[in-house]
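This report refers to the structure that appears directly beneath it.
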Amino acid sequence: MEKRIVILGFESSCDETAVSLVVDGRKVLSDVVASQIDQHRRYGGVVPELASRAHVEAVNTVLADALAQSGIKRDEISAVAVTHQPGLIGSLLVGLMAAKTTAWLLGVPLIGVNHVCAHAYAAALDDEPINYPAVALVCSGGHTSLYHLQSPTKMELLGSTIDDAAGEAYDKVASILHLGFPGGPVIDRAARRGNGHAVDFPRTLLKGQSLDFSFSGIKTAVLYHVNGVPNAKTDNGHAKGIENFSSQEVDDIAASFQDAVTDILTIKMRRAAKITGARTLILGGGVAANSGLREKAQKVADKIGCTLRRPPMKYCTDNAAMIAGLGYHLLLAGQIADLRLSATPTVRI
Ligand code: KG4
Ligand code: ZN
């Protein structure tokens with residue numbers, strides 16, 4: 001029997017401290033995630049300094065739990081993979097130091113993983129291998145990008161947002177609607193109760209066959225719908241301010257916003273499939289947990305005869321299984337780092 005390859009993965013790029021053990025790139029043995037959401041909620045967003053401190057406090061326990069749950073002995077670990085870009089610099093450094101120390105202690109290779117590429121790989125976890133070439137739409141709190149992939153490790157950027165990320169737009173609109181933080185899940189729930197055709201928000205598609213995205217216009221459109229257009233003589237018939245909207249009207253705004261955002265995302269995904277000829281579509285990132293996007297993307301894939309790969313919810317949002325999973329392919333490709341590996345907050349593939 002061939003020796004199985006076990007990768008230990010670390011993720012700490014934003015507000016989740018996560019450690020996972022994955023066999024042969026797809027079989028997840030353990031996937032422990034410590035979320036800091038409760039510590040950031042009162043500020044309505046992630047506070048970087050709080051995030052890095054919370055990572056320091058959590059990382060040892062999360063590592064111990066992940067090792068214990070996996071049943072793996074230390075000498076069975078083949079390599080340590082870690083998110084080293086992009087992300088909050090203080091947060092990245094905590095996971096990176098933990099991973100370097102562990103790799104050095106175990107005497108195994110260290111692998112640097114790009115967080116966004118790992119989101120594009122997450123759909124393979126606990127599932128069949130992905131058929132390449134593929135088009136991946138990665139949309140999260142910090143990114144909204146389309147990629148053309150030839151393999152898990154070879155990806156080319158097709159387009160990305162020129163302003164807000166989709167998740168960021170969700171978070172900001174949730175704040176305008178006083179629905180709480182993080183915005184994605186709360187808007188998704190409200191949208192299921194509302195009418196997506198109630199308000200006609202703009203679908204910003206940019207010029208020609210552009211595969212770039214823009215979400216600042218729709219965010220402003222929601223703001224004006226709720227608070228009125230500054231200096232305008234007429235408004236939408238409402239007194240200004242969210243307190244003057246009924247809960248049904250708020251749900252309708254959420255549903256209409258979600259309908260517009262998921263239209264934009266899936267139209268671009270379809271365009272990318274057409275331009276590249278890829279037969280596999282992949283969703284990834286926190287916004288890929290969105291019920292409206294998952295349904296609409298499936299409809300588009302069926303219509304154009306493509307296979308859609310959607311990760312289960314737990315692998316959409318930040319986790320270390322996707323880091324260990326992609327780390328396996330980087331190890332096979334010989335893309336190994338050393339203990340000088342540095343953290344990079346922003347990176348464009
Ligand atoms: O991938 P992720 O966990 O972290 C980043 O790498 O940014 O994504 C977090 C983002 C947040 O903006 C959150 O509001 C959004 O994903 N999100 C969702 C849903 N669940 C999380 N957006 C829309 N619908 C959801 N169900
Ligand atoms: Zn992410």
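We count ligands from 1, going down the list as the structure has it; atoms in each ligand are counted the same way.
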Quick one: do Met313 and Val32 end up in the same hydrophobic cluster if we chain Ile, Leu, Val, Met, Phe, Trp and Tyr together by side-chain heavy atoms under 4.5 Å apart? no
Specify the protein heavy atom at minimum distance from atom 17 (N) of ligand 1: its residue, its atom name, and the distance to 0.1 Å. Gly286 O, 3.5 Å
Would a hydrophobic clustering, with Ile, Leu, Val, Met, Phe, Trp and Tyr connected at side-chain separations under 4.5 Å, put Val23 with Ile130? no
What do you reckon, are the aromatic ring centroids of Phe181 and Tyr43 less than 6.0 Å apart? no
Counting from 1, what ligand 1 atoms have a heavy atom of His115 closer than 4.0 Å? 6 (O)
More than 12 non-hydrogen atoms from neighbouring residues, nucleotides or ligands closer than 6.0 Å to CG on Asp200, yes or no? no
Quick test of your reading of the model: are Asp75 and Lys73 salt-bridged, counting only N-O distances below 4.0 Å? no
Residue Gly142 vicinity, atoms of ligand 1 by number, heavy atom under 4.0 Å: 7 (O)
Can you list the steps and then say if Arg309 with Glu128 is a salt bridge (charged side-chain N to carboxylate O under 4.0 Å, His left out)? CA-CA 10 Å; Arg309 300 296 303 267; Glu128 296 299 313; over 6 Å; no
Considering only N, O or S atoms of Asp318, the one closest to the Zn ion (ligand 2): OD1
Region of Asp188 that comes within reach of ligand 1 [heavy atoms, distance under 4.0 Å]: side chain
Within a distance under 4.0 Å of any heavy atom of Ala289, pick out the atoms of ligand 1 and give their elements. 26 (N)
Between CG on residue Leu50 and NE2 on residue His55, distance to nearest 0.5 Å: 11.0 Å
Heavy-atom proximity to atom 14 (O) of ligand 1, picking from Ile37, Asp171, Thr83, Ile187, points to Asp171
Would Gly167 count as a polar contact of ligand 1, with the cut-off being nitrogen or oxygen pairs under 3.5 Å? yes
So for His143 against ligand 1, with non-hydrogen atoms under 4.0 Å, the contacting part is neither
Treating Ile, Leu, Val, Met, Phe, Trp and Tyr as nodes and any side-chain heavy-atom pair under 4.5 angstrom as an edge, say whether Leu341 and Ile323 lie in one connected cluster. no
Are Val113 and Tyr121 grouped together when hydrophobic residues (ILVMFWY) are joined by side-chain heavy atoms under 4.5 angstrom apart? yes
Which of the atoms of ligand 1 are close to Gly141, meaning less than 4.0 Å from one of its heavy atoms? 5 (C), 7 (O), 8 (O), 9 (C), 10 (C), 12 (O)
For His119, the ligand 1 atoms whose distance to one of its heavy atoms is below 4.0 Å: 1 (O), 6 (O)
When you look at CZ of Arg74, are more than 12 heavy atoms from neighbouring residues, nucleotides or ligands closer to it than 6.0 Å? no
So if I count the atoms of ligand 1 from 1 in the order they appear, which ones are less than 4.0 Å from some heavy atom of Thr317? 3 (O)
Could you grab the angle centred on the Zn ion (ligand 2), going from NE2 in His119 to NE2 in His115, to 10°? 90°
Which bit of Asp318 is near ligand 1, meaning a heavy atom under 4.0 Å away: side chain, backbone, both or neither? both
A student comparing Asn290, Thr262, Val186, Val46 should find that the heavy atom closest to atom 23 (C) of ligand 1 comes from Asn290
Shortest protein heavy-atom distance from atom 18 (C) of ligand 1, along with the residue and atom involved: Gly184 CA, 3.3 Å
